[in-house]
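In this chain, numbering begins with 1 at the start of the sequence shown. Just so it is clear, the model here is predicted, and its values are computed rather than measured.
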Amino acid sequence: MAHQNVDLDLLFHSHKERKFNNKDQQKADEQVVNCLRCLAMDAVQEANSGHPGTPMAMAPVAYALWARLLHYDPQEPQWMNRDRFVLSMGHASMLIYGLLHLAGVKDIGPDGRPCTPDNGVAANGHKATPGLAVSLDDIKNFRQHHSRCPGHPEYRWTAGVETTTGPLGQGVANSVGMAIASKWYAATFNKPNFEMFSYNVYALCGDGCLMEGVAHEAASLAGHLKLDNLCWIWDNNQITIEGNTSWAISEDIATRFIAYGWNVLRVGDANDVDALARAMNVFKREKQRPTFIVVDSHIAWGAPTKQDSFTAHGAPLGKEEVSTTKGIYGWPDESFLVPETVLSHFRGQLEQRGGIERKKWDELLANYAKEYPSEASTLQHIKHDTLPEGWDRFCKDFPADAKGLATRQSSAQCLNMVAQGIPWMLGGSADLAPSCLTTLTFEGAGDFMAPSSGWGSFSGRNFHFGIREHAMGSIMNGLAVSKLRPFGSTFLVFSDYMKPPIRLSSIMEVPSIFIFTHDSIGVGEDGPTHQPIEHLVALRSIPGLMTFRPCDANEVLHMWKFVGTRVDDPIAIVLSRQPLPTLDRTKYASAEGVLKGAYVIAGAGVEPQVILMATGSEVSLMLEAHHALEKEGVKVRSVSMPCLELFKQQTLEYMQSVLPDSCRARVSIEAATSEPWGVFTGLDGEHVGMITFGSSAPIKKLHQDFGFTVEAVVAAARRVISKRPRTLDSYTEVQMRWKKQRSSESLR
């Protein structure tokens, strides 16, 4: 098989502009491309695990982007105006690891600066050295424990990786958030003679990415917003794990993107540099639409028996195939070979463009700070994850009120209080802002829209995600890795649509804020389809996610003040539809107890016979039961537990002061399933909650029928005090009785 030369000079120069040393340039480019291919083959072979085929096919395209187009300085990989490169097809991770190594991208310290021997450990926990984000040793240890080259690219773990990818479609959806961030930064901070932000976002995606529904949602919104700074490059190799893509899909994807409002271009072969040249230049000139470039490629390009075969997708090629393929490339049969000429050629190009541009930008920022000190100060806060002095000055306590507010209502007020003090907090809803009450209403908030729409501007802080919950979550993560503070809202029952990006926000440790309202059977007449039962359990099962369910307006306030300070914790906020009393804090403990996740709200001074625990709307029910038990002479303690995860982070001494070991009679109360409560109630405790799905009825009727009454809580307390808690059999009996009743009613 003949090796087609890769003439990247054609990508960015016309025939008249072409340099005279074209052949030398072409040979040097070809060396870098083949080095990327061979590193991928070697690393996958050494690990006996991975995906070699796609890096082999797309190495010319990725190198062209980095060497000739990307505005990126490897010496300062956190430069705020850098172009972003997203490898959405994260299984092809050796492509980005090879790029990071050959480009000489520096490792990052905890202060956000390139690592030196003096600034501690790197952001991923490695010992700081003045070296590379990805060393050759890391590549040799691809997919091994503690290597900076894990199976799929991980944000924070490897400097230069802009977002965690692997679950297909997430990367391209994240890239929409990054492109939105670029537009917002430019509209907010650019001034006459000071173009501080103009970066583009490039995402490499595969067939699988575009089959996932989240890519459809994100592409639709990107086209609607006219994000002309966004370019997706589709590796159309027609191969998935099972075989040819024609087994599973037959639609015209290019036409689909035209319908989204994208500029669609096609390159017939990944090595057709003339066509690539036209596509790249058209994207750079496009001013109204995002660009979608279809690149037809051959998986495992150059491999004599594995090219165009699904066997090259997710398995090593085999030593003999690797050796033969290197011969076809004209590459020495030596593992992990990185010639010095490859490094100098690649890094020199990046220095000549990205390095010089970054230094000019630093000078521009210094002058900008003199002309616009307030805006420059905000940028410094954003960059360094700090808050302006007095950021919480708009926060005001709520007076006691027996009628109270739904926590979605008090949250709406608190969100606006906090967002006024944090100018880079922004977000929206999946078409439910009037219900979730997450609109920023203060002067100047505005709506994020394409200026040509007439409905808003790119400086707006209210987003309209449409009915696209999955994409909303992924776009939020893209905003978060761009150093903004995003929030997004929908009903709690629809958090199911958002599980992948919520999970990834926790893996990445980014401070996305997921706001969920209509949190229980309190939704009432909407019925079981809209009444969340198991959803709190699902959220709490995600490691690293903090899930808050506050009980009244003042818990909401202190929760939001806590949320505003977080820089590496995603937060889920769960809020009621129905009004909840604003508790009299002269009678009950201060709502500042929220800051510890749980606190004794009543009965702190007694040696309890029974402990009641509750969250959210059930706290007021718990307190009614508390007073009923007190009247019976029972020594009772009541604990508000708005965030179980935060409580578990406290010292053992504090946890035992709230839940003393001496009292094993415990009752948890929550309009959800019991799973997370066992660690607190123990074998001798009981849960008052949901065992089945709900029903369509007014809220008072539902609470009565499902046992959310003072009488039911008091009865549970008596049982655990007498050491006769309900057994598993009793829960099973309830489930069977419910199923039988449903069946009989459906047959009428």
Side-chain angles (χ1 to χ4, degrees), residues 172-191 195 197-201 214-232 256-263 286-292 375 408 412 415-416 419-420 422-480 482 484-491 494 512-513 515 517:
V172 286
N174 292 164
S175 75
V176 174
M178 296 177 191
I180 288 172
S182 176
K183 291 293 187 183
W184 186 84
Y185 276 125
T188 304
F189 293 103
N190 287 0
K191 305 293 181 184
E195 188 179 46
F197 294 96
S198 59
Y199 64 83
N200 293 319
V201 181
V214 68
H216 152 73
E217 294 181 17
S220 172
L221 186 57
H224 172 72
L225 292 173
K226 303 183 186 300
L227 298 177
D228 55 38
N229 59 341
L230 177 64
C231 179
W232 289 5
R256 193 175 101 196
F257 273 77
I258 292 172
Y260 293 147
W262 287 55
N263 178 31
E286 176 61 50
K287 299 301 178 187
Q288 287 293 320
R289 300 170 292 177
T291 293
F292 182 68
E375 289 85 349
R408 62 174 174 151
L415 170 61
N416 274 270
Q420 286 183 81
I422 305 177
W424 56 97
M425 181 176 281
L426 37 73
S429 176
D431 196 52
L432 287 171
S435 295
C436 297
L437 304 179
T438 48
T439 301
L440 300 179
T441 57
F442 50 84
E443 185 178 356
D447 294 293
F448 186 93
M449 297 274 193
S452 61
S453 69
W455 294 97
S457 71
F458 284 143
S459 64
R461 293 171 62 185
N462 285 299
F463 290 84
H464 301 274
F465 292 104
I467 304 149
R468 304 181 181 97
E469 289 91 351
H470 195 169
M472 176 175 72
S474 303
I475 289 168
M476 287 167 59
N477 288 344
L479 292 165
S482 304
L484 300 177
R485 288 301 312 274
F487 62 86
S489 66
T490 187
F491 293 169
F494 301 139
S512 296
I513 305 168
I515 303 172
T517 66

**Closest non-hydrogen atom pair between E286 and D228, with its separation** = O-CB, 3.7 Å
In a table with atom names and distances, give each donor-acceptor pair under 3.5 Å that connects a side chain of residues 440-448 to protein atoms at least two apart or in another chain.
| residue | atom | partner | partner atom | Å |
| --- | --- | --- | --- | --- |
| T441 | OG1 | N416 | OD1 | 3.3 |
| D447 | OD1 | H464 | NE2 | 2.9 |

**Asked** Hey, are the side chains of I180 and F463 touching, using non-hydrogen atoms and a 4.5 Å cut-off?
**Response** yes
**Message:** Would you say that N229 contacts Y199 through its side chain, given a criterion of any heavy-atom pair below 4.5 Å between the two side chains?
**Reply:** no
**Request:** Could you pull out all residues at least two apart from N200 that satisfy side-chain hydrogen bond (donor to acceptor under 3.5 Å, both in side chains)?
**Result:** none
**Sidechain-backbone polar pair: S457 side chain, S459 backbone, donor-acceptor under 3.5 Å** = yes
**Message:** If the condition is side chain to side chain contact (heavy atoms under 4.5 Å, CB included), which residues does K226 pass it with, not counting sequence neighbours?
**Reply:** Q288, A450, S452
**Message:** Going by the rule side-chain hydrogen bond (donor to acceptor under 3.5 Å, both in side chains), which residues pair with T517 if we only count those two or more places apart in sequence or in a different chain?
**Reply:** none
**Prompt:** How far does CG of N263 sit from CD1 of I258, to the nearest 0.5 angstrom?
**Reply:** 9.0 Å
**Request:** Describe, in one word, how the ring planes of F494 and F491 are oriented to each other, choosing from parallel (under 30°), tilted (30 to 60°) and perpendicular (over 60°).
**Result:** parallel
**Asked** Between S512 and A480, which heavy-atom pair has the shortest distance, and what is it?
**Response** OG-CB, 3.7 Å
**Request:** Check whether any side-chain N or O of N477 sits under 3.5 Å from a backbone N or O of N174 as a donor-acceptor pair, and report yes or no.
**Result:** no
**Asked** Once you round to the nearest 0.5 Å, how far does CG of L221 lie from OG of S474?
**Response** 11.5 Å
**Asked** Quick one: does T439's side chain have a donor or acceptor within less than 3.5 Å of a partner on A433's backbone?
**Response** no
**Asked** Looking at NE2 of H224 and OH of Y260, how far apart are the two atoms once the value is rounded to the nearest 0.5 Å?
**Response** 15.0 Å
**Listed partners of R468 passing salt bridge (charged side-chain N to carboxylate O under 4.0 Å, His left out), at least two apart** = none
**Message:** With rounding to the nearest 0.5 angstrom, report the CD1 to OG1 distance, I513 to T438.
**Reply:** 11.5 Å
**Request:** Please answer whether the main-chain N or O of G478 pairs with a side-chain N or O of S482 as donor and acceptor at a distance below 3.5 Å.
**Result:** yes
**Request:** Mind listing the closest non-hydrogen atom pair of L230 and A222 along with its distance?
**Result:** CD2-CB, 3.9 Å
**Message:** Between W262 (side chain only) and T291 (backbone N and O only), is there a donor and an acceptor less than 3.5 Å apart?
**Reply:** no
**Prompt:** Counting N and O atoms only, with roles assigned by atom type, does the side chain of S182 sit under 3.5 Å from a partner on the main chain of A179, one being a donor and the other an acceptor?
**Reply:** no
**Message:** So, taking the atom named CZ in F197 and the one named OH in Y185, what distance separates them when rounded to the nearest 0.5 Å?
**Reply:** 6.0 Å
**Request:** Output all residues satisfying side-chain hydrogen bond (donor to acceptor under 3.5 Å, both in side chains) with N462, sequence neighbours left out; order by chain, then residue number.
**Result:** none
**Request:** In sequence, state the C-alpha distance, the side-chain angles, and the governing distance for V172 and V176, and then conclude on side-chain contact (heavy atoms from CB on, under 4.5 Å).
**Result:** CA-CA 7 Å; V172 286; V176 174; over 6 Å; no
**Prompt:** Could you state the interatomic distance from CH2 (W424) to CZ (R485), rounded to the nearest 0.5 Å?
**Reply:** 9.5 Å
**Item:** Nearest heavy atoms of A430 and F465, plus distance in Å
**Value:** CA-CB, 4.4 Å
**Complete:** All heavy atoms of P451 vs all of F458, minimum pair found to be CD-CE1, 3.5 Å
**Minimal non-hydrogen separation, E469 against E217, with atom names** = N-OE1, 3.9 Å
